[in-house]
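Read through the structure below, which is laid out as structure tokens, and then see the notes.
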Amino acid sequence: MLKVVLPDGSVKEFEKSVTPMDVAAGIGAGLAKATVAAVVSSDGCNSCNNEGQTVGVDFPLPENGTVTLRLLTKKDAESLDILRHSTAHLMARAVMRLFENVQLAFGPTVDNGFYYDLWMEHRLTEEDFPKIEAEMQNLIKLDEAFERLEIFQNEAVEILDNMGQSLKVEHVKEGLAAEEKVSFYRQGEFLDLCRGPHIPSPKFIGAFKLTSVAGAYWKGDSSKQQLQRLYGTAFFDKKELDEYLNRIEEAKKRDHRALGKKHELFAIDPRVGQGLVLWLPKGAIIRRQLELFIMEELTKRGYTSVNTPVIGSIELYKTSGHYPYYADSQFPPIKMQDGDEFLLRPMNCPHHVMVYSQKPHSYRDLPIRIAEFGCVHRFEQSGELNGMTRVRGFTQDDAHIFCTPEQVEEEFRSCIDMTLTVLKTMGFDDFEVRLSFRDWVSDKYVGKPENWKIAQASLEKVCREMNLPSLEIVEGEAAFYGPKADFVVKDCLGRRWQLGTVQLDYNLPSPERFNLEYVGPDNKPHTPVMIHRAPLGSFERFCGILIEHFAAAFPLWLAPEQVRILTVSEKFDDYAKQVEAKILERGIRVSCDLRGEKIGAKIREGRLDLVPYLAVVGAKESENGSVALRGRKEGELGEVPLDSFIAKLTEEIATRTL
RNA sequence: GCUGUCGUAGCUCAGUCGGUAGAGCACGUCCUUGGUAAGGACGAGGUCGUGAGUUCGAUUCUCACCGACAGCUCCA
């Protein structure tokens with residue numbers, strides 16, 4: 001009796017020997033059609049006793065025991081991953097056939113494809129791709145099975161050594177004891193250390209393409225040697241590959257760097273400096289609207305605003321403990337003739353701590369929430385700069401909350417709530433929340449372990465209670481002073497960026513640092529807890545992501561130009577100006593297109609400029625006191641009385657309609 | 001910072017196998033006064049990223065620097 005655990009978790013029993021295909025046929029038409037192979041794990045049946053072994057469609061399953069079947073189907077992501085990883089093996093094999101002395105590192109799958117890290121003397125360029133792809137096609141034709149081998153560590157070291165794979169030798173020696181087993185996969189002459197699983201035969205690879213080559217460090221350590229990372233992608237069929245490539249092309253059109261230039265939102269000019277953003281008039285309007293929105297929330301939520309300088313005495317950062325941590329990424333200190341040193345601030349926290357310490361505080365005053373749109377500078381490495389999303393000077397919508405330990409959870413919850421409100425208002429629903437905790441081995445963190453434990457526990461508790469989407473805990477990502485909850489969104493190319501952040505801090509206020517105090521009900525001094533938070537993160541990065549999110553078609557409340565009045569001919573210039581003046585009275589951003597162009601041309605330009613509302617005026621409208629309205633989303637809306645148009649605008653702006 | 005690719009008009013790009021460059025859009029002037037995605041004519045615009053080298057001659061070849069892009073490393 002063979003028990004087969006199916007991909008959906010259900011169990012079927014078979015009396016006699018079956019193949020994965022038989023099983024698939026029994027599950028249902030949908031799966032059976034798409035099934036191309038099955039990946040099996042088992043509890044020790046003799047013919048397939050390896051976890052993750054790949055079994056071809058005709059491979060007989062054992063008669064006894066339990067087998068877990070994973071069917072490879074076109075639709076599920078896991079199957080695609082297996083397909084891609086096998087394609088990566090094929091790619092590495094092709095490279096080894098074409099070039100001398102190739103050392104294999106690792107070749108995992110990534111979001112939309114796979115890569116293989118290789119070390120070799122020849123510098124790969126895109127010119128090599130056709131050659132490698134052709135060789136891969138040849139290998140597919142050979143149709144050699146992927147075969148799994150399990151080998152003891154010492155034997156594995158020997159095999160790898162004989163193959164001259166010294167990177168892998170080092171890896172196996174470091175990672176495993178002599179009596180432990182590792183798995184290899186063989187395909188023809190190609191043999192590599194690999195966890196698997198793989199597709200049974202390369203014939204399942206319907207379409208693949210090498211996409212790029214880049215540098216990457218051995219084991220992600222920039223002090224170690226640099227390898228060549230060859231990227232590619234693969235699909236079950238050509239159509240899917242073409243669709244994917246099309247999607248990438250479309251996505252590139254949303255790139256905030258291209259749209260920022262096209263719509264004159266921002267500029268970065270090397271004559272000013274790398275990574276230093278010039279907000280152009282239209283971009284500055286968007287930023288101003290974001291500021292007003294945040295300020296509104298701050299008022300509602302009991303914050304007070306301050307203004308503090310962008311530089312400070314270096315002693316301030318030494319006391320805070322930031323100085324050594326930011327040594328590599330800050331602009332060098334400014335040394336004065338009398339020996340004083342100042343730092344262009346990389347963060348606002350120490351200034352806000354100083355604001356708190358200007359007078360004694362009672363527990364009755366807490367929490368104190370100090371907010372500032374604080375401009376900070378960090379000297380990021382040139383290769384890390386990226387449009388508006390990674391810059392060297394930026395403004396955080398920052399605030400620091402000083403509260404009692406008892407108030408931490410409520411304050412933290414309120415910060416998360418504000419961040420959610422902000423994201424929701426912008427229509428971001430595809431974001432992840434990352435809880436960044438400390439790594440208990442590392443010594444880069446400050447503060448007492450018990451405080452860390454309390455902080456991390458309360459942080460997680462609140463996040464669980466609030467049911468945040470895609471909550472993920474990442475150890476080793478915490479700030480040096482405390483754990484944090486980060487809100488992460490993807491850009492048009494699928495890269496993840498941290499926007500909002502809420503961070504718990506038991507350390508800066510501590511006696512070892514700034515020794516902040518409040519007087520408790522017991523009339524004794526106590527140390528407050530500090531929360532750092534920024535719902536947007538920074539205006540620069542947020543705006544960059546926002547441009548891509550809306551593809552520069554901003555909702556009315558954010559749009560740099562909200563209404564454009566288009567005249568049918570010069571005869572209606574006076575009426576157009578009257579309309580403009582009336583709309584302007586309400587503080588709405590309106591302009592007139594009085595050029596001697598035909599109305600068709602004006603409409604076209606208004607559409608291309610993504611103006612939310614175009615108001616056409618001619619004989620009829622000037623007579624009736626109306627406009628012929630055209631919405632960016634809705635198209636023609638017909639003739640609307642001016643008053644009701646203005647009411648509509650006012651309402652839509654006030655509610656920040658998306 | 002590292003590896004690779006790239007840099008021609010305001011923008012998007014073509015081109016020159018070494019003999020100082022062209023298109024479309026945008027811009028300017030004039031004609032056209034037109035009702036929902038491009039009316040027409042003429043014109044102005046470039047030290048071909050910067051600096052050296054090779055050459056009779058370099059935008060083109062070589063090197064260095066600057067900057068951008070992709071990835072790595074690092075971060076809001």
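Computed from heavy atoms alone, side chains included, the values below leave out hydrogens, waters and symmetry copies. Per chain, numbering begins at 1; letters A, B, ... match sequence-line order.
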If you assign A/I268 and A/K602 each to the RNA chain B nucleotide with the nearest heavy atom, which residue ends up on the more 5' nucleotide?
A/K602
Reading RNA chain B from 5' onward, which residue's closest nucleotide shows up sooner: A/A628 or A/G383?
A/G383
Using a strict 4.0 Å threshold on nitrogen-to-oxygen distance, state whether A/E264 and A/K261 make a salt bridge.
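The answer is no: the pair does not qualify as a salt bridge.
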Determine, for A/R390 against A/E384, whether the closest basic-nitrogen to carboxylate-oxygen distance falls under 4.0 angstrom.
yes
Pair assignment for [N], Watson-Crick or G-U wobble, requiring both distances under 3.5 Å:
N      : result
B/rG28 : B/rC42
B/rC72 : B/rG1
B/rU33 : none
B/rG51 : B/rC63
B/rC13 : B/rG22

Can you tell me how far [atom2] of [N] sits from [atom1] of [X], to the nearest Å?
X      : N      : atom1 : atom2 : result
A/F129 : B/rA70 : CZ    : P     : 16 Å
A/E597 : B/rC27 : CD    : C1'   : 12 Å
A/E380 : B/rC72 : CD    : P     : 16 Å
A/L637 : B/rU36 : CG    : C1'   : 12 Å
A/K598 : B/rA37 : NZ    : C1'   : 13 Å
A/D269 : B/rC66 : CG    : C1'   : 13 Å
A/L385 : B/rA70 : CG    : P     : 11 Å
A/E605 : B/rU36 : CD    : C1'   : 14 Å

Classify the nucleic acid contact of [X] as base, sugar-phosphate or nothing, counting any heavy atom under 4.0 Å across all strands shown.
X      : value
A/Y231 : sugar-phosphate
A/G220 : sugar-phosphate
A/A601 : sugar-phosphate
A/S222 : sugar-phosphate
A/K484 : sugar-phosphate
A/G618 : base
A/V376 : nothing

Side-chain N or O of [X] versus OP1/OP2 of [N]: is the shortest distance under 4.0 Å?
X      : N      : answer
A/N386 : B/rG71 : no
A/K224 : B/rU73 : no
A/R378 : B/rC74 : no
A/R495 : B/rG71 : yes
A/R607 : B/rU36 : no

Give a yes or no on whether the ring-centroid distance for [X] and [Y] is below 6.0 angstrom.
X      : Y      : value
A/F373 : A/F539 : yes
A/H549 : A/F428 : yes
A/H377 : A/F394 : no
A/Y317 : A/H322 : no

How are the rings of A/F487 and A/F431 set relative to one another: parallel (under 30°), tilted (30 to 60°) or perpendicular (over 60°)?
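Geometry flag for A/F431 against A/F487: tilted rings.
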What class does the angle between the rings of A/Y325 and A/F480 fall in, given that below 30° is parallel, 30 to 60° is tilted and above 60° is perpendicular?
parallel
Using a 90° cut-off around 0 for syn, call B/rG7 syn or anti.
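In terms of base orientation relative to the sugar, B/rG7 is anti.
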Could you work out the separation of [N] and [M] based on their [atom1] atoms and round it to a whole Å?
N      : M      : atom1 : value
B/rU60 : B/rU20 : C1'   : 11 Å
B/rC13 : B/rU8  : C1'   : 9 Å
B/rG53 : B/rG71 : C1'   : 33 Å
B/rA14 : B/rG22 : C1'   : 7 Å
B/rC6  : B/rU29 : P     : 41 Å
B/rU59 : B/rA52 : C1'   : 16 Å
B/rG7  : B/rG49 : P     : 8 Å
B/rC48 : B/rA9  : P     : 10 Å

Donor-acceptor pair, distance only, cut-off 3.5 Å: does the side chain of [X] make one with the backbone of [Y]?
X      : Y      : result
A/E372 : A/N307 : no
A/W452 : A/V446 : yes
A/E121 : A/E100 : no

Where the side chain of [X] is concerned, which of [options] is the nearest nucleotide?
X      : options                : value
A/E384 : B/rC74, B/rG71, B/rA26 : B/rC74
A/Y217 : B/rG35, B/rA76, B/rC72 : B/rC72
A/S212 : B/rA76, B/rA70, B/rC72 : B/rA70
A/P270 : B/rA37, B/rG71, B/rG67 : B/rG67
A/E636 : B/rG34, B/rA26, B/rU36 : B/rU36
A/E621 : B/rG71, B/rG34, B/rG35 : B/rG35
A/Q274 : B/rG1, B/rA37, B/rG67  : B/rG67
A/R390 : B/rG39, B/rC74, B/rG35 : B/rC74

Base [N] paired with [X] side chain (donor-acceptor, <3.5 Å):
X      : N      : value
A/R392 : B/rC75 : no
A/E570 : B/rG34 : no
A/R271 : B/rC66 : no

Where protein sits on nucleotides 3-12 of chain B, one letter per nucleotide: B base, S sugar-phosphate only, - none, heavy atoms under 4.0 Å:
BSS-----S-
Ring-on-base stacking between A/F394 and B/rA76, under 5.5 Å between centres and under 30° between planes: is it there?
yes
If you count heavy atoms of other groups shown closer than 6.0 angstrom to CD of A/E634, is the number above 12?
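Correct, the count exceeds 12.
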